[in-house]
Novice: 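Before I ask anything, let me first share the structure, which is written out below as structure tokens.
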Amino acid sequence: MNQISVIQTQAIKKTFPGVVALSGIDFTLHTGEIHCIVGENGAGKSTFIKILSGFLRPDSGEIVIGGHTFHHLTPHLSQEQGIQVIYQESLLVPQMSVVENIFVGRELTGKFGFIDRKRALSETRKIIDSLGIDLDPQAMIESLEVADRQFVKIIKALAMNPRVLIMDEPTAMFNAQDTDVVLKLVEDISKRGISVIFISHRLEEVARVGDRVSVFKDGKTVASHENPNRDIDLAMITREMVGRSVDAFYKKVKTSPGETILEVKGLKLEKNSPEVNFSLRRGEILGIAGLVGSGRTEIVEALFGAGKKVQGKIIIKGQEVTINRPADAIRSGIGFITEERQKTGLALGLSVAKNMTVAGLNKFKGFFITPSDETHSAGRYVDDLAIKTPSLQQEVRFLSGGNQQKVVIARWLFRESEILIFDEPTIGIDVNAKAEIYRLMSELAENGAALIMISSEMPELIAMSDRVLVIKHGQVTTELSGKDITEEKIITYAFGVTDDEQTA
Ligand SMILES: Nc1ncnc2c1ncn2[C@@H]1O[C@H](COP(=O)(O)OP(=O)(O)OP(=O)(O)O)[C@@H](O)[C@H]1O
Ligand SMILES: [Mg+2]
């Protein structure tokens with residue numbers, strides 16, 4: 001079949017100081033297709049996208065768009081060619097509304113040059129309706145859940161009437177339901193004739209929506225497969241990505257739980273919210289399930305002193321502790337790996353080593369960390385978690401998205417907290433590193449730590465948890481353990497059962 005290509009690149013190369021990010025990307029995007037790109041953390045996916053958006057200039061290679069050959073693009077040129085990109089990092093203004101974010105920088109002007117708010121609002125509503133999602137165009141971004149923020153980014157791109165829509169891990173923050181909405185949306189967008197480049201670490205969704213799947217490895221295109229029947233062989237894709245087979249689902253080693261280390265009693269986030277009670281033993285992984293927005297994150301934030309709470313006792317090793325700020329929590333031995341990298345205060349301008357050791361000050365005897373202590377210990381985690389960085393001194397902002405997430409994890413491992421909260425720990429992490437993180441979590445539990453894991457990925461929650469608390473509307477609707485931890489039960493309690501049925 002003679003397919004028409006919208007974008008074609010040849011031998012695109014890009015080097016950063018000490019890092020070869022791209023060593024030869026050949027890539028063809030055909031009209032109307034959904035072309036998925038997969039690859040390990042640091043393989044060069046985002047760098048390639050930034051070259052297509054004109055944000056980065058390649059060292060060499062060619063980009064052909066609609067018959068024109070370019071050696072590099074600029075953001076303006078790229079947009080002019082109809083390319084719209086939704087990046088991995090959020091670029092929304094939190095203190096502005098949805099509609100303001102969508103039209104920021106290109107306000108629609110009415111008569112006399114005033115901003116035509118009405119038109120902006122009605123255009124936004126039109127797109128929201130056509131997508132069939134539930135979103136208030138006048139809501140402030142900061143009040144929105146992560147999933148809704150992602151929808152805003154998609155709407156913003158669509159408002160530009162693109163020919164090509166590029167999405168870099170659009171579903172990373174999403175649970176199964178929201179992911180489903182996004183995937184349907186992507187299919188819908190492609191049916192309108194827009195060509196889509198879709199990057200994801202979730203291979204099942206790539207198999208589901210991709211007309212074509214290309215594999216990047218070490219900055220090169222190593223394979224490109226058509227997927228007309230949506231049945232692409234994912235084991236093969238994994239081998240092409242990693243260079244060997246990976247057992248994607250590691251299961252936690254069963255340990256016999258030790259003493260109770262944490263008790264949360266009568267925790268209330270607001271005056272009228274339900275009480276939350278749970279306990280945690282050494283050696284255990286307590287899973288927390290629930291829809292995004294169910295209050296899962298708020299509960300652990302309150303425990304960590306990072307969110308509001310009006311009452312509740314927190315007892316650690318039999319002693320009641322006062323936790324008003326994260327610093328109190330850290331002192332009590334609690335670590336928190338949050339779902340949003342940017343929010344965790346990764347110091348983007350500091351080195352990999354500094355970012356890891358900043359929470360681990362007490363690990364060293366004196367008050368000062370000597371550079372060699374730091375390097376030695378940080379080096380271990382760089383190896384264990386396979387963090388791709390040219391050196392420990394590299395600034396974190398130059399790391400790929402997935403590798404930044406690994407630094408967040410390493411920081412808390414470094415701190416040797418006895419109680420560790422993981423909020424969506426494997427977001428944006430490639431299959432290989434995922435298995436590594438599961439192994440590390442299991443090892444921590446075996447060594448006597450107690451873990452809490454919030455996750456929207458059912459398979460990982462089920463494989464890793466000894467017990468699962470299901471949260472709905474801020475309330476624990478059930479606690480499952482052992483054989484009762486099934487997807488069906490979790491879903492039933494997460495949203496199948498209404499409040500009335502529960503109390504009846
Ligand atoms: N501005 C930069 N300066 C230095 N190195 C960079 C810069 N941008 C990217 N890199 C490096 O280039 C390589 C490719 O990074 P890129 O972000 O393209 O990976 P990725 O495939 O998107 O990974 P992930 O799945 O983690 O998002 C990485 O080793 C990264 O650290
Ligand atoms: Mg990336």
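Heads up: numbering here begins at 1 and tracks the sequence. When a ligand or atom number is given, it counts from 1 through the structure's own listing order.
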Novice: List ligand 1 atoms under 4.0 Å from Gly401, heavy atoms only on the residue side.
Specialist: 26 (O), 27 (O)

Novice: Lys388 heavy atoms, cut-off 4.0 Å: which ligand 1 atoms fall inside?
Specialist: 29 (O)

Novice: Give yes or no for whether the N/O distance cutoff of 3.5 Å, strictly under, is met between Phe16 and ligand 1.
Specialist: no

Novice: Would you say Ser456 and Glu424 are linked by a side-chain donor-acceptor pair, where the criterion is simply a distance under 3.5 Å?
Specialist: yes

Novice: Of all the atoms in ligand 1, which lie at a distance below 4.0 Å from a heavy atom belonging to Val19?
Specialist: 11 (C), 12 (O), 29 (O)

Novice: Taking only non-hydrogen atoms of Gln404, do any sit less than 4.0 angstrom from ligand 1?
Specialist: no

Novice: Below the 3.5 angstrom mark, is there an N/O of Gly42, backbone or side chain, next to an N/O of ligand 1?
Specialist: yes

Novice: Report the part of Phe398 in contact with ligand 1, treating N, CA, C, O as backbone and CB onward as side chain, heavy atoms under 4.0 Å; options are side chain, backbone, both, neither.
Specialist: both

Novice: Ignoring hydrogens and angles, state whether a donor on the side chain of Arg202 or Thr179 is under 3.5 Å from an acceptor on the partner side chain.
Specialist: yes

Novice: If we ignore hydrogens and angles and just use 3.5 Å, is the side chain of Thr238 paired with the main-chain N or O of Leu234 as donor and acceptor?
Specialist: yes

Novice: Is there a polar contact, in the sense of an N or O pair closer than 3.5 Å, between Pro17 and ligand 1?
Specialist: no

Novice: Going by heavy atoms, is Gln405 under 4.0 Å from ligand 1?
Specialist: no

Novice: On the 0 to 90° scale, with breaks at 30° and 60°, tag the Phe55-Tyr87 ring pair as parallel, tilted or perpendicular.
Specialist: tilted

Novice: With a 3.5 Å cut-off and no angle check, do the side chains of Ser97 and Glu100 form a donor-acceptor pair?
Specialist: yes

Novice: Applying side-chain contact (heavy atoms from CB on, under 4.5 Å) between Leu29 and each of Val196, Ile65, Val164, report the one that passes.
Specialist: Val164

Novice: Could you check whether Asp168 and Ser46, counting side-chain N and O atoms only, form a donor-acceptor pair closer than 3.5 Å?
Specialist: yes

Novice: Glu169 heavy atoms, cut-off 4.0 Å: which ligand 1 atoms fall inside?
Specialist: 25 (O), 27 (O)

Novice: Do Asp211 and Arg230 meet the salt-bridge criterion of a basic N to acidic O distance under 4.0 Å?
Specialist: yes

Novice: Going by the atom numbers of ligand 1, which of them fall below 4.0 Å from some non-hydrogen atom of Gly402?
Specialist: 24 (P), 26 (O), 27 (O)

Novice: Are Glu40 and ligand 1 in contact, using a heavy-atom cut-off of under 4.0 Å?
Specialist: yes

Novice: The Mg ion (ligand 2) and Asn41: any N/O/S contact shorter than 2.8 Å?
Specialist: no

Novice: Heavy atom of Lys14 under 4.0 Å from ligand 1?
Specialist: no

Novice: Can a side-chain donor-acceptor contact be found between Ser195 and His35 if the only test is distance below 3.5 angstrom?
Specialist: no

Novice: Considering only NZ, NE, NH1 and NH2 on the basic side and carboxylate oxygens on the acidic side, decide whether Asp180 and Lys184 come within less than 4.0 Å.
Specialist: yes

Novice: Just going by heavy-atom distances, which of Thr47, Val20, Ile429 is nearest to atom 16 (P) of ligand 1?
Specialist: Thr47

